[in-house]
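Notes follow the structure.
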Amino acid sequence: GVYAVALSMSVGHLATFLICLIALRGVPVSWKCALLRVDSLLRVGRNVSYTLSIVAASTLFMVVDRYFASRLPGGSVAAISYAGTMLGVLSLVAMSPLKYFLAKISESIVEDLTESHNLVRRTLAIAMAYFMPLGFFVAAASKPVVSLIYGWGSFDARSVEMTSLALSAYCVGLVFAICATIVNYY
């Protein structure tokens with residue numbers, strides 16, 4: 001149904017987050033241009049696998065989206081789009097306070113690599129502690145929220161139902177999308 005695309009995107013966010021964590025293990029992140037040596041440049045190839053993993057995950061999102069969207073009943077793509085818009089607003093609100101931590105992480109990378117690792121761990125723990133319950137709350141309250149925001153005009157009860165299902169499925173992956181964003185910034 002309509003939730004299949006959104007749920008597959010949520011699983012994709014989880015996969016992207018896990019790929020990022022695996023790829024960043026053991027990768028040196030201390031970047032000072034003055035200290036850049038030729039042997040360091042040669043090690044860049046090791047980081048290509050990380051980049052290709054992210055590109056592959058993004059391509060998987062697109063393929064899944066196109067495959068499922070072509071098989072959905074009428075109105076489903078619009079419901080997914082509306083739910084995606086609501087999730088986008090929620091993500092923007094969620095990421096705003098985390099920008100403070102991302103700035104602190106950037107500063108600490110230059111000064112103390114160990115401290116930057118600790119800050120990333122703390123930021124991920126904070127994101128999970130706050131945004132996992134928020135995602136579950138929005139998923140549970142999706143129908144009244146969608147009805148309040150979109151439930152007027154030609155947006156009928158079926159549209160509210162489909163959009164709230166898609167929003168609930170998107171909210172499953174909210175915390176993983178935020179955590180993947182944190183790791184990608186790092």
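The figures that follow rest on heavy atoms only: side chains count, while hydrogens, waters and symmetry mates do not.
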Practice prompt. Work out which heavy atom in S159 is nearest to a heavy atom in D156; give both atom names and the distance.
Written response: OG-OD1, 2.8 Å

Discussion item. If we check side chain to side chain contact (heavy atoms under 4.5 Å, CB included) with L167, which of these qualifies: I80, V138, L90?
Written reply: V138

Worksheet item: Is it the case that more than 12 heavy atoms not belonging to F136 sit under 6.0 Å from its CZ atom?
Response: no

Just list the side-chain donor-acceptor pairs under 3.5 Å for residues 120-133, sequence neighbours left out, or say none.
from	atom 1	to	atom 2	distance (Å)
R121	NH1	N118	OD1	3.1
R122	NH2	E115	OE2	3.3
T123	OG1	L119	O	2.7

Worksheet entry | Common cluster, L165/L148, ILVMFWY with side-chain heavy-atom separation under 4.5 Å | no

Discussion item. Strictly by side chain to side chain donor-acceptor pair (under 3.5 Å), give each pair with a member in residues 133-152 just once, sequence neighbours left out.
Written reply: S142-S168, K143-E161

Worksheet item: Of all heavy-atom pairs between G84 and Y170, which one has the smallest distance, and what is that distance?
Response: N-CE1, 3.5 Å

Worksheet, complete the sentence: Quick note, side chain to side chain donor-acceptor pair (under 3.5 Å) partners involving residues 79-92, not counting sequence neighbours, are none

